[in-house]
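Structure record follows, encoded as C-alpha cells.
From a predicted model like this one, the values you see are computed outputs, not experimental measurements.
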Amino acid sequence: QVQLVESGGGLVQAGGSLRLSCAASGRTFSTYAMAWFRQAPGKEREFVATIDWSGGNTDYAGSVKGRFTISRDNAKNTVYLQMKSLKPADTAVYYCAAKRSMGTFRYFGSYDYWGQGTQVTVSS
C-alpha cells in the first residue's frame, strides 16, 4: 500500500512558476513508476507527465512539453513537477499517481495509487 500526498499548489499569474511535490509512504518507492495528471472543472482527467523508477526515462503531454519537468528523489520518496511559463489553461487540480512497475505509463487506468490532489490556478 502506498499513500501519496501532494503539495505546492496555489495561485500564480500567467508566465509564473510553481513546483509541485508528491511525498510517498513506504519503503518501496523506488520500484514505482510515478506520474502527474490533472483535471480541470468539467473536463476529464488528463495525463501530464510520467517518470520511471530510476528517473532515467520521462514522458510528457504535448501541451506541457518544454515547460514542465518531472523528477524524483528516491532517497526522499518524493516526485516533483516543476512548472514554468504557466498559462490559464494549466488551471486544474493536479494529482500524483503511482504504479508498481519499471516503465512509464500515460493511461490513468494503469495507476494503482492516487493522491488527493492539489489545486493550481493560473490567472491571466
Using the side-chain hydrogen bond (donor to acceptor under 3.5 Å, both in side chains) criterion, which residues pair with [X]? Sequence neighbours excluded.
| X | answer |
| --- | --- |
| Asp59 | Arg106 |
| Tyr32 | none |
| Asn57 | Asp52 |

| Partners of Val93 by side chain to side chain contact (heavy atoms under 4.5 Å, CB included), sequence neighbours excluded? |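 Applying side chain to side chain contact (heavy atoms under 4.5 Å, CB included) to Val93 gives Tyr95, Gln119.
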
| message | For Phe105, I'd like to know if atom CZ has over 12 heavy atoms of other residues, nucleotides or ligands within 6.0 Å. | response |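 Counting neighbours around CZ of Phe105, more than 12 heavy atoms of other residues, nucleotides or ligands fall under 6.0 Å, so yes.
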
Could you grab the distance from atom [atom1] of [X] to atom [atom2] of [Y], nearest 0.5 Å is fine?
| X | Y | atom1 | atom2 | answer |
| --- | --- | --- | --- | --- |
| Trp114 | Cys22 | CH2 | SG | 11.0 Å |
| Phe68 | Leu18 | CZ | CG | 9.0 Å |
| Lys87 | Arg67 | NZ | CZ | 4.5 Å |

| field | Check: Ala24 main-chain N/O paired with Gln3 side-chain donor or acceptor under 3.5 Å | value |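 No: the side chain of Gln3 does not pair with the backbone of Ala24.
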
| Does the Gln13 side chain pair with the main chain of Ser123, one donor and one acceptor, at a distance under 3.5 Å? |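 Answer holds: no.
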
| field | Arg72: salt bridge (Lys or Arg N to Asp or Glu O under 4.0 Å) partners, not counting sequence neighbours | value | none

| Sequence-distant partners of Arg19, salt bridge (Lys or Arg N to Asp or Glu O under 4.0 Å), two or more places apart |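 Salt bridge (Lys or Arg N to Asp or Glu O under 4.0 Å) list for Arg19, sorted by chain: empty.
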
| field | Phe47 ring center within less than 6.0 Å of Tyr60 ring center | value |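 No, the ring centres sit 6.0 Å or more apart.
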
